[in-house]
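Here is the structure we will look at.
Sequence positions, counted from 1, serve as the residue numbers for this chain.
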Amino acid sequence: MAVKQQHSSKGFIFLLSLLFLQLSSGDLQLNYYKESCPMAEEIIKEQVIKLYNKHGNTAVSWIRNLFHDCMVKSCDASILLETANGIVSEKTSERSFGMRNFKYINTIKEAVESQCPTTVSCADIVALSARDGFVLLGGPHIEMKTGRMDSKESYVSEVVDYIPNHNDTISLVLSRFQSIGIDVEGTVALLGAHSVGRVHCLNLINRLYPTVDPTLDPNYAVYLKGRCPSPVAHPEAVEYARNDGETPMVIDNMYFKHLLSHKGLLTVDQELASDPTTTHLVAKMAADNAYFYDQFSRALLLLSENNPLTSDQGEIRKDCRFVNKA
């Protein structure tokens, strides 16, 4: 009898665990706005394409927005909040250096608001614009769940605890991603986003001066010194090098091929190719672009679903830059 009761208790706990998982994952769903704003995803997609055609680098910004938003606590659009009314913006953190094009998120939001007032969250706009931006950068379309709510607070003091730095060790970077449920394979793939965009000289000079990092290809180092001619970089100066000179506006496995040729821009990039935990994955992704896309897509979805806020924890901001007035 005692054995039966023990099995019954374990079964009950197991069912409770399943119920909890269903509830936590059920906060997000495909076609969340099917009834409340049927055209929401199409409107966002149209705006993303329109903005890309005017300002191609917006697509890169959408990917980076998702990373900086979802890595810090939750996918809740906290990254979009401006400094106002007692809130200090996460944009003021040193880890947000170089981020831009936030104003165009407002353009997308205004288009959605004109059709469905106070219905679609800024957090979902961040997620969906990243998904659609990925397509414009050469990647496959991903079916992405929606239903995120917007944060009522900023987490500026915690940004450095969640966003890895460009010269962090691979083990630290892996642990940061693992803390939100992204495995080694997914982390390596997400770093492949470094195949687009550019890096400011401020984050490069440590590999060039006073002596060149021996892990850098010598000829590539000469090129980088041409881009960053001074050992003192000024944050406001337009001094940068593109992540990928061959396919600069395509997220592809060229990034991994460059790493194997010792042409990684950032310290963390080159360590990815030399660390025994990740080197085999770099080689695998360099050899197979389809495999890279599969892993990047999987990891992007995991990132986009990190700890979403439920309705009683957040709100639908009318203006992505500010918390709604009480």
Side-chain angles (χ1 to χ4, degrees), residues 25-70 74-82 100-152 249 251 293 296-298 300-325:
S25 62
D27 295 334
L28 301 181
Q29 56 189 274
L30 293 174
N31 300 314
Y32 178 84
Y33 297 106
K34 184 178 181 180
E35 302 297 331
S36 60
C37 189
M39 293 296 292
E41 294 194 28
E42 191 59 34
I43 293 170
I44 293 169
K45 181 180 177 181
E46 286 176 359
Q47 290 298 315
V48 165
I49 293 172
K50 186 182 296 185
L51 287 164
Y52 173 78
N53 289 334
K54 287 184 179 179
H55 319 280
N57 57 26
T58 53
V60 180
S61 296
W62 306 149
I63 301 288
R64 193 175 182 193
N65 284 348
L66 184 72
F67 168 66
H68 279 260
D69 186 39
C70 295
S74 167
C75 291
D76 56 10
S78 60
I79 184 65
L80 302 180
L81 288 171
E82 296 286 359
R100 53 187 177 150
N101 292 324
F102 290 112
K103 62 183 178 181
Y104 297 127
I105 286 286
N106 299 329
T107 302
I108 300 172
K109 175 65 170 175
E110 288 168 5
V112 176
E113 284 290 306
S114 68
Q115 297 297 316
C116 309
T118 324
T119 304
V120 180
S121 70
C122 299
D124 277 341
I125 290 174
V126 168
L128 293 172
S129 61
R131 178 194 69 178
D132 297 335
F134 181 36
V135 174
L136 293 174
L137 294 170
H141 174 78
I142 306 170
E143 289 298 326
M144 185 174 280
K145 295 178 181 179
T146 44
R148 301 164 188 79
M149 301 295 287
D150 298 328
S151 173
K152 299 177 184 178
M249 289 301 291
I251 290 184
Y293 277 157
F296 188 92
S297 300
R298 178 182 68 87
L300 197 70
L301 280 180
L302 288 171
L303 180 64
S304 75
E305 295 178 8
N306 179 39
N307 193 31
L309 300 181
T310 57
S311 57
D312 60 336
Q313 295 172 313
E315 62 181 11
I316 305 293
R317 288 189 218 135
K318 296 177 183 177
D319 185 324
C320 292
R321 299 169 298 175
F322 308 105
V323 173
N324 293 338
K325 293 180 180 179

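- The backbone N or O of Q313 sits nowhere less than 3.5 Å from a side-chain atom of K152 that would complete a donor-acceptor pair.
- With sequence neighbours left out, the salt bridge (charged side-chain N to carboxylate O under 4.0 Å, His left out) criterion links R64 to no other residue.
- Separating the CZ atom in F67 from the CG atom in L300 is a distance of 11.5 Å, to the nearest 0.5 Å.
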request  = Check the pair N53 / I49 against side-chain contact (heavy atoms from CB on, under 4.5 Å), numbers first and verdict last.
outcome  = CA-CA 6 Å; N53 289 334; I49 293 172; 3.7 Å; yes

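- The two atoms that bring S297 and P140 nearest to each other are OG-CG, 3.6 Å, heavy atoms only.
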Below 3.5 Å, can you tabulate the donor-acceptor pairs from side chains in residues 36-45 to any protein atom, sequence neighbours excluded?
{"unit_1": "E41", "atom_1": "OE1", "unit_2": "R131", "atom_2": "NH1", "d": "3.2"}
{"unit_1": "E41", "atom_1": "OE1", "unit_2": "R131", "atom_2": "NH2", "d": "3.2"}

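- Counting non-hydrogen atoms of other residues, nucleotides and ligands closer than 6.0 Å to OH of Y293 gives a total above 12.
- The CG atom of L66 sits 11.5 Å away from atom CD1 of I79, with the distance rounded to the nearest 0.5 Å.
- Atom OG of S304 is separated from atom CG of D69 by 11.0 Å, given to the nearest 0.5 angstrom.
- There is a side-chain donor-acceptor pair under 3.5 Å between Y33 and D124.
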query = Between Y32 and K145, does a side-chain contact (heavy atoms from CB on, under 4.5 Å) hold up when you go through it step by step?
reply = CA-CA 7 Å; Y32 178 84; K145 295 178 181 179; over 6 Å; no

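- The shortest non-hydrogen separation linking L81 to S151 is CD1-O, 4.3 Å.
- With rounding to the nearest 0.5 Å, the separation of NE2 in H68 from CD1 in I63 is 12.0 Å.
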request  = For L301 and M144, run side-chain contact (heavy atoms from CB on, under 4.5 Å): C-alpha distance rounded to whole Å, both residues' side-chain angles, the deciding distance at 0.1 Å, then the answer.
outcome  = CA-CA 7 Å; L301 280 180; M144 185 174 280; 4.2 Å; yes

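- A distance-only check finds no donor-acceptor pair linking the side chain of T107 to the backbone of I105 [under 3.5 Å].
- Taking CE from M149 and CG from L28, the interatomic distance works out to 11.5 Å, rounded to the nearest 0.5 Å.
- The OH atom of Y52 sits 13.0 Å away from atom CH2 of W62, with the distance rounded to the nearest 0.5 Å.
- Side-chain N or O atoms of E113 include one that pairs as donor or acceptor with a backbone N or O of T118 at under 3.5 Å.
- Two residues are said to be in side-chain contact when any heavy atoms from C-beta on lie closer than 4.5 Å; I108 and L51 meet this criterion.
- Panel note: side chain R317, backbone A77; a donor-acceptor pair is recorded below 3.5 Å.
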key: From CA spacing to verdict: side-chain contact (heavy atoms from CB on, under 4.5 Å), L80, D150   = CA-CA 10 Å; L80 302 180; D150 298 328; over 6 Å; no

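- With R148 as reference, S121 is the one residue of S121, C70, S74, C122 to meet the side chain to side chain contact (heavy atoms under 4.5 Å, CB included) rule.
- Across all their heavy atoms, C320 and N106 have their closest contact at CB-OD1, 4.0 Å.
- Remark: the backbone N or O of K318 is paired with a side-chain donor or acceptor of N324 at under 3.5 angstrom.
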